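See structure below.
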Amino acid sequence: MSNCKILLIDPPKTEMVYLKTKVRVGTPTYPSLSLALIAGSLINDYNVEILDLDLFSNPEEVLEEKLKNYEPDYVGITCVTPSFYNLLRVAKIVKDVNKSTIVVVGGVHVTTFPEETVMDPSIDIVVMHEGDFKLKEIIETSDLSKVDGIVFKKNGQIIKNDISEKIKDLDVLPYPAWNLFDIYKYKNSKLSVRDSPVCHIETSRGCPYNCAYCNKNIFGNRFRVKSTKRVVDEIEYIISLGFKEFHVTDDSFTQKLDRAKEVCEEIISRGLKIHWHLMNGVRVDRVDFEFFKLAKRAGCWQVAFGIESGAQEILDRIGKRTTIEQVRKAVHLANKAGLDTFGFFMLGLPGETEESVKKSIKFASELPLSIMKFTITIPYPGTRYYNELDKMGYIKTKDWSKYILHGITEELYQHPNMSWNIIRKYYNK
C-alpha cells in the first residue's frame, strides 16, 4: 500500500484553551510533536501530510478543501479534553466528504474513554496509550484484532484489544517529521520564547509519582529515557531544520539527575547554539546547583517548577512528595545560576481551604520567581481527583468543552471545602 495517503489532523484548540482566558497574552503555539512522531513512522513508506487547523480562521472550509484535493485513505486525529468536540466535528466532516476514509483517533482523552469515543458514527478506530507506531500497524494488518492497544467496530460490535506494552527503548522512536510543517507560521509570546521558530522535544517518558491532578494514561509511571547521544543528535537535527529554540516536554527531565547533566554536557561539548526551556516543569527535589549551571551553559534560559501549593498540608494531600523548603532552595539555586524561573501554582486542589490558598499566595510572593502562574485545578478525566469527586457526586458536568485549564469553571464541579465565590475571588486576585 505504498500509494496509501494519510492525513494527520490537529483540531482547533488555541482559541478555547487560551484566547478567551486571562492568560491569552502568553498563548503558546507549537507544531504537534505527537503528530510529527506518528508521521515519522510513516513517511518513508506512505504519502503523509499534516494539517494543523489551529493556523486558520476558517478551519472547516480549509479541512473540506484539503480532503477533496488530497483524498486520504486514512485520517488520524489527536485532541486534548477541551477540544474533544472539535475532534468529533472534524471526524464528521471527513466522513461527509468520503464515507470510506478510515478515521483513527488518539490522545489522552480518548484513551480515558475509548469505548465511548468509538461509538461515534464518524470514528472507526481509537488508539489507546502510546500510539507512535499504531497507525502503521493498522494500515499494514489484514486483521485489526491482532493490533494491541486499539478499540474498533466490527459488524456493529465494539472490540477492545489487549493493552499494548510501553516502548522500552525510546531510541527506536523515529525522528519527528517536522518537515511536514511550515514551522515559520508558529508565533509565541516573549513570555515563553526567546527565539522563533520553536518546537517541542522529549528526552524521556513516564513519571514515577502519582499526583492527584495528573493523568498517566499515555506514558505511565515507569521512567524511560532516550540515550544522551540520541537526544543531542535530535537537537542537531532540529537546528538543521531552522528551529532556534526547543521546549522540553518531559514529565520529569531531571528524574535521573546525572543523565540530565550528561545531556547538557553533550550539548556544550558539541558547541551547539540553541535556546531551550524546561517548560513542563522540573521537580524541586531532583535538581542541584551544578545542574542549573550546566543547563545555563548549554543554552537553557528558563526553568519551570511545578510548585502547585505553598501549603505543606496540601502538597502532602495531593501526593506531590516535595517540601516547601525544597521549593525555596530550588528556585534560589536556579536564580543564582542566572536562569529565569517560572512557578506553576494551582488553586482548588484536593483538601484546599481558604487558609491554604492564602498561604500559597503569600509563599509565591516571597519567592524570587521571574513569572508565576496560578490556575484553578481542573479535575481532568483519568486523574485521582476526578475519580474522587465523581464518587462524591461533585462533578457537575461531563461537557468536556468546559474543561478549560485557564478558565473559571464553576459549572464543572463543586469543591468539597470552598465555595466558587471564594475560589473566584483569589483567582482574580
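Owing to the predicted nature of the structure, the values given are computational and were not obtained by experimental measurement.
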Quiz item: Is the NZ or CZ atom of K5 both under 6.0 Å from the centre of the six-membered ring of Y74 and within 45° of that ring's axis?
Solution: no
Quiz item: Under 3.5 Å, side chain of W400 to main-chain N/O of V80, donor-acceptor pair present?
Solution: no
Quiz item: Is the NZ or CZ atom of K66 positioned over Y70's six-membered ring, under 6.0 angstrom from the centre and within 45° of the axis?
Solution: yes
Quiz item: Which atoms form the tightest heavy-atom contact between R321 and P208, and what is the distance?
Solution: NH1-O, 4.3 Å
Exercise. Evaluate the side-chain proximity of V232 to R270: yes if any heavy-atom separation is below 4.5 Å, no if none is.
Key: yes
Self-check item: Member of S196, P197, C199 meeting the side-chain contact (heavy atoms from CB on, under 4.5 Å) criterion with K244
Solution: P197
Exercise. Determine whether more than 12 heavy atoms belonging to other residues, nucleotides or ligands lie under 6.0 Å from atom CD of E366.
Key: yes
Quiz item: Counting N and O atoms only, with roles assigned by atom type, does the side chain of N221 sit under 3.5 Å from a partner on the main chain of C207, one being a donor and the other an acceptor?
Solution: yes
Quiz item: Stepwise, does the side-chain contact (heavy atoms from CB on, under 4.5 Å) test hold for F292 with N335?
Solution: CA-CA 9 Å; F292 288 133; N335 269 299; over 6 Å; no
Quiz item: With distance as the sole test, does T141 use its side chain to make a donor-acceptor pair with the main-chain N or O of E137 at under 3.5 Å?
Solution: no
Quiz item: K68 pairs by salt bridge (Lys or Arg N to Asp or Glu O under 4.0 Å) with which of E71, E64, E65?
Solution: E64
Practice problem: Compare all side-chain heavy atoms of E308 with those of T322 and state whether any distance is below 4.5 angstrom. | Solution: no
Quiz item: Y209 ring centre to R283 NZ or CZ under 6.0 Å, with the angle to the axis within 45°?
Solution: yes
Quiz prompt | Identified ring-ring contact (aromatic ring centres under 6.0 Å, His included) partner of F345 from the options Y427, F374, F305, Y426 | solution = F374
Quiz item: Just by modelled atom types, is the Q302 backbone N or O under 3.5 Å from a matching donor or acceptor in the K296 side chain?
Solution: no
Practice problem: Start with the C-alpha gap between F342 and F344, add the side-chain angles, then the distance that decides, and say whether ring-ring contact (aromatic ring centres under 6.0 Å, His included) holds. | Solution: CA-CA 7 Å; F342 197 137; F344 296 121; 4.9 Å; yes
Quiz item: Okay, side chain of R230, backbone of D171: is any donor-acceptor separation there less than 3.5 Å?
Solution: yes
Quiz item: Is there a donor-acceptor pair under 3.5 Å between the side chain of D340 and the backbone N or O of S370?
Solution: no
Quiz prompt | Residue pair Y30, H247: steps toward the ring-ring contact (aromatic ring centres under 6.0 Å, His included) verdict | solution = CA-CA 10 Å; Y30 303 92; H247 292 180; 5.5 Å; yes
Quiz item: Do you know which of I125, L135, D73 makes side-chain contact (heavy atoms from CB on, under 4.5 Å) with I102?
Solution: I125
Quiz item: What is the minimum heavy-atom distance between P350 and I318, and which atoms define it?
Solution: CD-CG2, 3.7 Å
Exercise. Using a 4.5 Å cut-off on heavy atoms from C-beta on, say whether the side chain of R384 contacts that of N210.
Key: yes
Quiz item: Is there a ring-ring contact (aromatic ring centres under 6.0 Å, His included) between Y213 and Y385 once you walk through the steps?
Solution: CA-CA 6 Å; Y213 52 81; Y385 194 26; 8.9 Å; no
